[in-house]
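The sequence lines fix the lettering, A, B, ..., with proteins before strands; numbering per chain opens at 1.
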There are 2 protein chains.
Amino acid sequence: MSQLPTLRQLQFLIALSEHGSFSRAAEAVFVTQPTLSAAIKELEMTLGTVLVERGARGAVLTHAGEAVLERAQRVMAEAEDLVIAAQAAGEPLSGPFRLGVIPTIAPFLLPKVLPTLRIKHPKLEVFLREDLTERLFDGLRERRLDAALVALPYESPLIETKSIWSDEFLFACTPDHPLAGSKTLDPSRLENEPLLLLEDGHCLRDHALAACSTGTARSDFAATSLHTLVHMVKSGLGATLLPRMAVDAGLVDQMGLEVMPFDPPVAGREIGVAWRKGSARAEEALQLGEAIRESLTGSGSAGEATG
Amino acid sequence: MSQLPTLRQLQFLIALSEHGSFSRAAEAVFVTQPTLSAAIKELEMTLGTVLVERGARGAVLTHAGEAVLERAQRVMAEAEDLVIAAQAAGEPLSGPFRLGVIPTIAPFLLPKVLPTLRIKHPKLEVFLREDLTERLFDGLRERRLDAALVALPYESPLIETKSIWSDEFLFACTPDHPLAGSKTLDPSRLENEPLLLLEDGHCLRDHALAACSTGTARSDFAATSLHTLVHMVKSGLGATLLPRMAVDAGLVDQMGLEVMPFDPPVAGREIGVAWRKGSARAEEALQLGEAIRESLTGSGSAGEATG
DNA sequence: GCGAAGCCATAGCTATTATCTATGGCATCA
DNA sequence: TGATGCCATAGATAATAGCTATGGCTTCGC
């Protein structure tokens with residue numbers, strides 16, 4: 001087998017391509033120009049190909065250089081992943097962990113979960129980012145996030161998910177609403193009932209609509225958050241569906257609204273954890289999901305994971 | 001950023017996992033046991049994790065070790081690919097090249113193409129493997145092949161293809177066949193005509209059936225090669241479709257068979273080149289396809305690529 | 001039990017090589 | 001036509017990858 005290049009050499013090549021000059025690239029990787037020069041030469045030697053065109057005004061990669069660069073970047077990324085995976089495997093749920101959460105989960109789940117997490121995994125440093133599912137998934141794919149808490153199902157390429165919690169939908173309306181007063185509610189009674197929902201982009205909107213296929217969304221009003229949504233309900237603009245998690249967290253306390261569950265089979269959404277396929281922290285993402293489930297069960301809320 | 005491990009260290013770890021003992025692994029990579037021992041220790045140091053459980057009867061990877069191993073293998077494979085890609089980019093179409101060809105193409109295309117290829121790319125060493133499409137694609141995926149010549153369309157995961165040639169189908173029958181004697185043939189006249197075809201697994205069988213949707217395959221007889229197929233036609237067992245490439249190569253010479261083209265739009269199959277997605281020699285596979293197309297055009301045969 | 005054998009770790013030395021400083025040649029540009 | 005900026009080369013040095021020799025620790029077989 002032919003001799004392999006060094007990760008160091010690949011790193012140098014990447015720096016060279018980024019800075020377009022031996023001297024500046026050398027500076028960027030904290031070595032002197034002759035060092036980088038020699039390393040690139042050595043790399044060209046082991047590969048048997050000229051990778052760089054040296055000119056008086058800097059260096060440009062040859063065609064072969066571009067081809068090697070592309071793969072070098074992959075190799076380096078994989079190697080860095082390996083380091084992260086090793087640390088994660090050696091001591092799971094420790095160190096910085098970038099977690100994305102959708103806005104219809106974050107304000108209700110996190111206050112309950114983070115304190116427990118802090119106690120159980122004191123070395124874990126959770127960096128939170130709140131955003132819509134698709135943007136969180138972009139973050140996972142681009143390695144800006146390690147995991148995300150989202151509502152399932154939500155298919156997306158290169159993303160893997162695992163459900164950790166079932167979040168039941170509750171019907172919320174003003175006391176003078178025709179459906180007010182009942183203990184439980186049959187979804188069919190929502191027929192032609194105009195529902196207030198979150199604005200487009202929030203997956204809760206779609207899941208709520210899917211949960212009661214008979215209901216229709218009011219197209220003239222949409223809320224930007226669950227908090228504004230309940231205020232709109234209170235002002236008499238219509239009824240809505242709320243996740244039990246939000247209600248349990250006190251979303252409608254002292255609002256004077258009627259809140260009632262649906263008849264079984266209960267409609268709802270799955271809350272799950274998501275990670276990039278092949279991520280170095282995939283295992284940790286699963287463990288985090290498990291930890292969150294446990295912390296929810298421990299504090300005695302409703303819900304049960306399915307898969 | 002944390003320090004990266006060395007490719008050498010990863011190679012040692014892989015050897016260690018394969019041999020289950022420091023001493024034997026060291027032997028396998030041609031270093032002494034203390035060298036490998038120190039390297040693994042250094043690797044554990046940079047990763048901050050114990051990767052190996054040392055016992056009196058050998059060494060076993062820890063959980064973290066297994067996780068790292070998996071990624072180490074990926075990194076090494078990528079690095080080796082980089083070397084190959086560099087050589088390929090530096091001097092395309094040179095060195096050993098493992099080419100798969102399906103049986104209905106190989107005997108007719110290769111005698112025409114290989115001599116030209118040898119002249120145009122004298123440093124290229126083509127290693128041929130003849131097999132059915134699916135097995136060739138397996139070979140591509142498992143990196144046992146660099147490219148394959150197959151009939152398209154043929155979808156398969158992780159495989160990319162490019163058409164290089166159109167191979168028209170011709171109708172072949174005995175002189176006493178009802179359809180014998182015509183200059184060209186309308187496909188609809190094959191209705192209820194029992195056709196002799198290759199046995200299952202040959203894509204030519206499927207493509208021929210697709211080409212004349214009206215014809216039906218004789219289910220009691222199937223041939224194992226185009227040569228036996230024409231002999232079966234000659235013995236009066238039925239008519240068949242043959243690729244023009246095979247006819248041009250003399251498949252039915254001195255057989256006393258009638259061979260006629262179809263009316264336009266002419267039915268046929270696309271011959272193309274296939275390679276593994278992301279292969280280090282993807283570019284060369286394309287160039288090889290181009291070279292084959294040129295060599296076919298140069299020798300003045302029929303056909304034209306579409307894309 | 002008690003050597004023998006096998007395994008890994010350590011110590012000390014050596015060869016290699018990665019890197020540095022100093023310098024030279026060669027373009028480009030004011 | 002210097003001045004400037006760029007890369008290559010030379011020589012010295014520090015870092016390290018590798019080797020030999022050896023020791024401690026199990027695990028067998030007797």
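- The nucleotide range of DNA chain D contacted by chain B, defined by atoms under 4.0 angstrom from heavy atoms of the protein and reported 5' to 3', is D:dG18 to D:dC28.
- The interatomic distance linking B:E53 (CD) with C:dC7 (P) rounds to 18 Å, in whole Å.
- Taking the charged nitrogens against the carboxylate oxygens, B:E44 and B:K41 have no contact shorter than 4.0 Å, which rules out a salt bridge.
- In this structure, the CG atom of A:L43 is 13 Å from the P atom of C:dT19, given to the nearest Å.
- For the residue pair B:E270/B:S166, the side-chain donor-acceptor check at 3.5 Å is satisfied.
- Nucleotide C:dT16 holds its P atom 14 Å from the CZ atom of B:R8, rounded to whole Å.
- An OP1 or OP2 oxygen of C:dC20 is reached within less than 4.0 angstrom by a side-chain nitrogen or oxygen of A:T35.
- Spacing between atom CD of A:E27 and atom P of C:dC20 amounts to 13 Å, rounded to whole angstrom units.
- No more than 12 heavy atoms of other residues, nucleotides or ligands shown are found within 6.0 angstrom of CD on B:E27.
- At distances below 3.5 Å, not a single donor-acceptor pair connects side-chain atoms of A:T6 with backbone N or O atoms of A:Q9.
- For A:P34, the side-chain atoms get nearest to C:dA22 when compared with the rest of C:dA22, C:dC29, C:dC8.
- Residue-level contact check: A:E42 touches neither bases nor backbone, having no heavy atom under 4.0 Å from any strand.
- Residue A:A59 is in sugar-phosphate contact alone, with no base atom involved, counting any heavy-atom pair closer than 4.0 Å across all strands shown.
- Rounded to whole Å, atom P of C:dG6 lies 12 Å from atom CZ of B:R24.
- Other residues, nucleotides and ligands contribute over 12 non-hydrogen atoms within 6.0 Å of the CD atom of A:E142.
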Handout entry: Test log, rule side-chain contact (heavy atoms from CB on, under 4.5 Å), inputs B:R129 and B:R98
Key = CA-CA 8 Å; B:R129 161 150 206 92; B:R98 300 159 301 175; over 6 Å; no
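- Rounded to a whole Å, the NZ atom of A:K41 is 16 Å from the C1' atom of C:dA18.
- Under the 3.5 Å distance criterion, with hydrogens and angles disregarded, a donor-acceptor pair is assigned to the side chains of B:R141 and B:S156.
- Between the CG atom of B:L16 and the C1' atom of C:dC8 there is a distance of 11 Å, given to the nearest Å.
- Among the atoms of the strands shown, only primed sugar atoms or phosphate atoms (P, OP1, OP2) are found under 4.0 Å from some heavy atom of B:S23.
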